[in-house]
**Q** 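Take a look at the following structure, please.
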There are 2 protein chains.
Amino acid sequence: MSLSHRVPDLGALELLLAVARHGSLGRAARDVGITQPAASSRIRSMERQLGVALVDRSPRGSRLTAAGALVTDWARRVVEAAEAFDAGAQALRDRRDSRLRVAASMTIAEYLLPGWLIALRAERPDTAVSLRAGNSTAVAAGLLAGEADLGYVEGLAVPEGLDAVVVAHDRLVVVAAPSHRWARRRAPLTPAELAATPLVLREYGSGTRQVLDAALAEYGGLADPLLELASTTAVKAAAVTGAGPAVLSELAVTEELASRRLVEVPVEGVHLHRALRAVWPTGPLPTGPARDLLSLARG
Amino acid sequence: MSLSHRVPDLGALELLLAVARHGSLGRAARDVGITQPAASSRIRSMERQLGVALVDRSPRGSRLTAAGALVTDWARRVVEAAEAFDAGAQALRDRRDSRLRVAASMTIAEYLLPGWLIALRAERPDTAVSLRAGNSTAVAAGLLAGEADLGYVEGLAVPEGLDAVVVAHDRLVVVAAPSHRWARRRAPLTPAELAATPLVLREYGSGTRQVLDAALAEYGGLADPLLELASTTAVKAAAVTGAGPAVLSELAVTEELASRRLVEVPVEGVHLHRALRAVWPTGPLPTGPARDLLSLARG
DNA sequence: AGAGACTCATAAATTCAGTTTATGGGGTCA
DNA sequence: TGACCCCATAAACTGAATTTATGAGTCTCT
């Protein structure tokens, strides 16, 4: 039986958050745009489904139970992920007649832009944003061709013809499954060790790989990869199942590190750090919606 | 119009992930337990809803489009949050006749345990886990009374009568809204500055507050709080809206930091670090399911 | 070249869950 | 005590997602 049969749907989770906010089923119902009986029945069936009482009903309102508070926090994380999904999807959808066209590298589009777009929508609700994902070269080409208003890149250098400002930092981390021997090391890895070990990596040309190549060049360069995979997710999956150590953006593995499906392996003496930059065609700072988005995230 | 009208439901997102995995609508359908036409129609309506083509259908299978790959990654994050919800809820539900009863402090129960429980279920699918959340004292009492088999605490000291092992580390971070003046500082805060400034904090008695009090004791102790709130989420919300700087567990604010709704303010010379420990009644290491869970996450 | 196995799309009937409208019971405050 | 808030229940309705049944296209193997 799959997840969707054991987890309430998004509407129910939103309703639960609304109940937590308002302290009343009826007001929560109005907030999410349904009637009070509908809310009552929905919360009730959610409690049946989870087998736990979530709210204490009283004639002067409803308060979360202790279990309800815990469940609400988990629900909040699901809803936040859904908001990020929505922000990204909306950007993707509005590609036609949009007013702000953003081009971004994969890591940024995946992990950071959705959050920024939520914030942008909170401040400028009627800004329609479109999003295109590609590597640095594609982002630069899009900007110079006038097909995008603002770009985000993660490479080492700023592409020719663009101005840039650092908006965030990213660190590459070496990760391994908890069962891997590197996970039990006390001493940090030396760069030479890292360079000499076959790793699970993104395919050649990715931003991650560029930085890693540059950092390890003086230590004899990267060994031939153990596996070369096409997506960050595939690399993570391979590392989790113990195929071998991998090097990935910190942004991509926070979840796995927190839940200990992966363990970070410290490395000494190498700069596996990279700046994430906003870029635009050489000239004055962007204006209008691009400026708004830019000012939300400044490194 | 609320989120749930713009975001596909969890079943649809799971289906999309299955399509990405299998490269075929039909096989994905079998994977999630529906028929092929249902999958076809579901993906189609998801594409209508998002206004973007997600998969390239061909007579020998379906591959994600570029936009589809991006959407799938966002979908994966929603599904992962839902899995964490499920793991937590399941633990909560099975509190009656369960074989492994866990008691944990709030931060750990909220942010770490769901991930560990997912991992545990992957290895030992038929272990029923129950979860109780409370402060260190409650966790200790539960263990000593034989009402819990394994505990997790985040205080500074190990409660009397318990043995402990460090399973993870947590760092307290000072955060502020991007509009706050601290967000623009170049120089790190001094401990004295931090101690002298009224902050948004959890109420007295929380683990976070304990550590902070201890660390700043020698600098004159904590100033009277700006706001004292009952939950981590409330503190975050207050900080995001610019009420003032807050001090929170790193685990609780990764999302906000990544999306730049909050900015970390560096502090020099104070140990805002705390160990997260697994605890059990003094004596031999736990055995059985408790040992399994313990071995998943070892600091 | 034709048979079989695979792919996905379409159509019509069915089923089921969630909703609204309407009502009732219980508590609180002037 | 009457007005107003809270929530629960019942019954009818609505609509969306599903299943079964079918068709059409492509590739492979004989």
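Values below: all heavy atoms of this structure, side chains included; hydrogens, waters and symmetry mates excluded. Chain letters run A, B, ... following the sequence lines, proteins first and then strands; every chain starts at 1.
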**Q** Using a cut-off of strictly less than 4.0 Å, decide whether A:Arg44 has a side-chain nitrogen or oxygen near OP1 or OP2 of D:dC7.
**A** no
**Q** Is it the case that B:Thr233 and A:Asp73 place a side-chain donor and acceptor less than 3.5 Å from each other?
**A**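 Yes, A:Asp73 and B:Thr233 have a side-chain donor paired with an acceptor closer than 3.5 Å.
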**Q** Verify side-chain contact (heavy atoms from CB on, under 4.5 Å) between A:Arg42 and A:Asp9, making sure each step is shown before the conclusion.
**A** CA-CA 10 Å; A:Arg42 241 181 142 163; A:Asp9 62 50; 2.5 Å; yes
**Q** Do B:Tyr152 and B:Leu112 have side-chain heavy atoms sitting under 4.5 Å apart?
**A**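 Counting from C-beta outward, B:Tyr152 and B:Leu112 never come under 4.5 Å.
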**Q** For the residue pair A:Arg44 and A:Arg57, establish whether any side-chain heavy-atom pair is separated by less than 4.5 Å.
**A** yes
**Q** Should B:Ser62 be listed as having a side-chain N or O under 4.0 Å from OP1 or OP2 of C:dC8?
**A** yes
**Q** Below 4.5 Å, heavy atoms only, C-beta onward: do B:Thr127 and B:Arg121 meet side chain to side chain?
**A** no
**Q** Just N and O in the side chain of A:Arg27: are any of them under 4.0 Å from OP1 or OP2 of D:dC5?
**A** no
**Q** Rounded to the nearest Å, what distance is computed from the CZ atom of residue B:Arg48 to the P atom of nucleotide C:dT10?
**A** 11 Å
**Q** Check the interface with nucleotides 16-20 of chain D: list each N/O to N/O pair with the protein under 3.5 Å, or write none.
**A**
residue	atom	partner	partner atom	Å
D:dT18	OP1	B:Arg42	NH1	2.8
D:dT19	OP2	B:Thr35	N	3.0
D:dT19	OP2	B:Thr35	OG1	2.7

**Q** What is the separation between atom CG on B:Leu15 and atom C1' on C:dC8, rounded to the nearest whole Å?
**A**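 To the nearest whole Å, that distance equals 13 Å.
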**Q** Quick one: do B:Leu117 and B:Gln90 satisfy side-chain contact (heavy atoms from CB on, under 4.5 Å)? Show the steps, please.
**A** CA-CA 9 Å; B:Leu117 295 179; B:Gln90 195 123 27; over 6 Å; no
**Q** Measure from CZ on A:Arg63 to C1' on D:dC6 and round the result to the nearest Å.
**A**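 Going from CZ in A:Arg63 over to C1' in D:dC6 covers 14 Å.
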**Q** Please report, rounded to the nearest Å, how far the C1' atom of D:dT26 is from the CG atom of B:Leu25.
**A**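 It works out to 16 Å between those atoms.
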**Q** Could you state the atom-to-atom distance from NE2 of B:His5 to P of C:dT19 in whole Å?
**A** 9 Å
**Q** In this structure, how many angstroms lie between the P atom of C:dT7 and the CZ atom of B:Arg57, rounded?
**A**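 B:Arg57 atom CZ is separated from C:dT7 atom P by 15 Å.
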